[in-house]
Amino acid sequence: MTDTWQAYGETLTSRLLLGTALYPNPNAMQESIKASESEIITVSLRRQSPEDGGGESMWQFIRDLNKKLLPNTAGCHNAKEAINLAKMSREIFNTHWIKLEVIGDDYNLQPDPFELVEAAKILTDDGFAVFPYCTDDLVLCQKLLDVGCEVLMPWGAPIGTGRGIMNPYSLETLRQRLPNVPLIIDAGLGKPSHACQALEMGCSAVLLNTAVAKAHDPVLMATGFKQAVEAGRASFLAGAMPERQSASPSTPVLGTPFWHQS
Ligand SMILES: CC(=O)[C@@H](O)[C@H](O)COP(=O)(O)O
């Protein structure tokens, strides 16, 4: 049976979402996204110039990939800006999906929880499927669900830092307290092992950009992330062994070659 997950009624197989910014050239972007086998890519109306790529339209390169587009509101600093950009993105990209980013601090690009919840409420009331980029705060996440978000995108670490999952306790708490909510770990993942960890924790998917786009070989790194996500998911489904304090011999005692479940 195929292992799928759901976001706003869409059945998805890939658990890796990729960004489309920062690549050395449009070809590297296209080839990386193909190698990742991502089904969803995020695009920024505000941050990406439509004329990047030697005069050819960046949007055309993106459309040629035939992926589901998740426009984002990167660069917005309050609810009003984000709502306006979401509405423009809906018209231009012809989708009601929006990755909602409302930045509250420019040092760590931390989301503003108050403006985020306000914008999420207005946008969900207006028919948007909101994917909120949020911190890993349980109460904030509950408020986002209360205003109609069906998916959450808690950060692993600040955007572009590559530090990986900085607060495993918070994400494990989210996973336990909100067991049926798709959690997409968004931002700060620097290595495939970070993505693997997120999937091992039971998160539905990861979204990343910088780690692939800025790699020496973006296509190879996209392949690495794809494999890591698959490995993490397999580990979660298989049921990783519990950690022990004391050692336990793995070489069997004569006559007892197999482990018997009692
Ligand atoms: C592209 C995008 O949406 C970013 O805002 C996202 O959060 C990715 O972060 P990283 O670049 O750290 O992977």
Side-chain angles (χ1 to χ4, degrees), residues 7 14-24 26 28-29 32-33 36 38-49 52 58-59 61-62 65 67-77 81-82 85-86 89 93 95 97-113 115-116 119-120 129-136 144 151-167 171 183-199 203-215 218 221-222 224-226 228-229:
S14 170
R15 294 172 182 274
L16 175 58
L17 289 71
L18 266 194
T20 53
L22 301 175
Y23 291 85
M29 178 199 69
S32 300
I33 289 168
S36 74
S38 296
E39 293 168 297
I40 300 174
I41 55 176
T42 183
V43 292
S44 165
L45 192 55
R46 183 161 173 166
R47 283 274 164 82
Q48 286 167 265
S49 156
D52 281 351
M58 189 66 176
W59 304 139
F61 280 104
I62 289 170
L65 286 161
K67 302 290 184 186
K68 183 149 185 71
L69 295 185
L70 177 59
N72 65 62
T73 62
C76 292
H77 285 77
E81 277 178 16
L85 193 59
S89 297
F93 297 112
T95 176
W97 279 21
I98 191 75
K99 173 164 126 69
L100 183 61
E101 282 189 39
V102 187
I103 298 303
D105 184 273
D106 280 330
Y107 178 74
N108 61 0
L109 298 179
Q110 180 165 338
D112 181 325
E115 297 283 318
L116 185 66
V130 175
F131 294 67
Y133 167 62
C134 54
T135 55
D136 47 22
L144 289 164
V151 172
L152 297 170
M153 301 188 88
W155 66 355
I159 296 170
T161 60
R163 298 173 73 96
I165 294 175
M166 292 206 311
N167 196 338
L171 290 180
L183 297 179
I184 304 171
I185 304 307
D186 174 14
L189 303 182
K191 299 177 189 140
S193 55
H194 299 156
C196 184
Q197 185 189 2
L199 272 290
C203 297
S204 297
V206 293
L207 187 150
L208 55 108
N209 192 157
T210 311
V212 168
K214 294 279 196 178
M221 188 58 88
F225 269 103
K226 177 181 93 75
V229 163

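For this chain, numbers begin at 1 and follow the sequence in order. Just so we're clear, the structure is a prediction, and the values are computed from it rather than from any experiment. Read the numbers this way: they start at 1 and go in the same order the structure lists the ligands and their atoms.
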* To do: Indicate yes or no: does an N/O atom of G160 lie under 3.5 Å from an N/O atom of ligand 1?
  =>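 The answer is yes, given that G160 and ligand 1 share an N or O pair closer than 3.5 Å.
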
* To do: Look only at interatomic distance and state if Y133 has a nitrogen or oxygen under 3.5 Å from any nitrogen or oxygen of ligand 1.
  =>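 No.
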
Is [X] near ligand 1, meaning one of its heavy atoms is under 4.0 Å from it?
X	result
A211	no
K99	yes
I159	yes
G188	yes

I'd like to check which ligand 1 atoms, numbered from 1 as shown, lie under 4.0 Å from a non-hydrogen atom of [X].
X	answer
L208	13 (O)
T210	10 (P), 11 (O), 12 (O), 13 (O)
D186	6 (C), 7 (O), 8 (C)

* To do: Check step by step if side chain to side chain contact (heavy atoms under 4.5 Å, CB included) holds for I185 and Q197.
  => CA-CA 10 Å; I185 304 307; Q197 185 189 2; over 6 Å; no

* Asked: Looking at K226 and L16, what are the two nearest heavy atoms and their distance?
  ->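 Where K226 meets L16 most closely, the heavy atoms are N-CD2, 3.7 Å.
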
* Asked: Can you name the nearest heavy-atom pair linking G224 to P192, along with the distance?
  ->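 Nearest heavy atoms, G224 then P192: O-CB, 3.7 Å.
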
* Check the pair L189, I165 against side chain to side chain contact (heavy atoms under 4.5 Å, CB included), reporting the backbone distance first and the verdict last. => CA-CA 7 Å; L189 303 182; I165 294 175; 4.2 Å; yes

* **side chain to side chain contact (heavy atoms under 4.5 Å, CB included) assessment of W97 paired with I40** => CA-CA 11 Å; W97 279 21; I40 300 174; 3.7 Å; yes

Return the residue, atom name and 0.1 Å-rounded distance of the protein heavy atom closest to [atom].
atom	result
atom 9 (O) of ligand 1	A187 CA, 3.4 Å
atom 13 (O) of ligand 1	N209 N, 2.9 Å
atom 4 (C) of ligand 1	E101 OE2, 4.0 Å

* To do: Compare all side-chain heavy atoms of R15 with those of S204 and state whether any distance is below 4.5 angstrom.
  =>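 A side-chain contact exists here, since the closest heavy-atom pair is under 4.5 Å.
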
* Could you tell me whether K68 atom NZ has more than 12 heavy atoms of other residues or ligands within 6.0 Å of it? =>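 Yes - once you tally the heavy atoms of other residues, nucleotides and ligands closer than 6.0 Å, there are more than 12.
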
* Yes or no on side chain to side chain contact (heavy atoms under 4.5 Å, CB included) for Y23 and V212, after CA distance, side-chain angles and deciding distance? -> CA-CA 8 Å; Y23 291 85; V212 168; 3.9 Å; yes

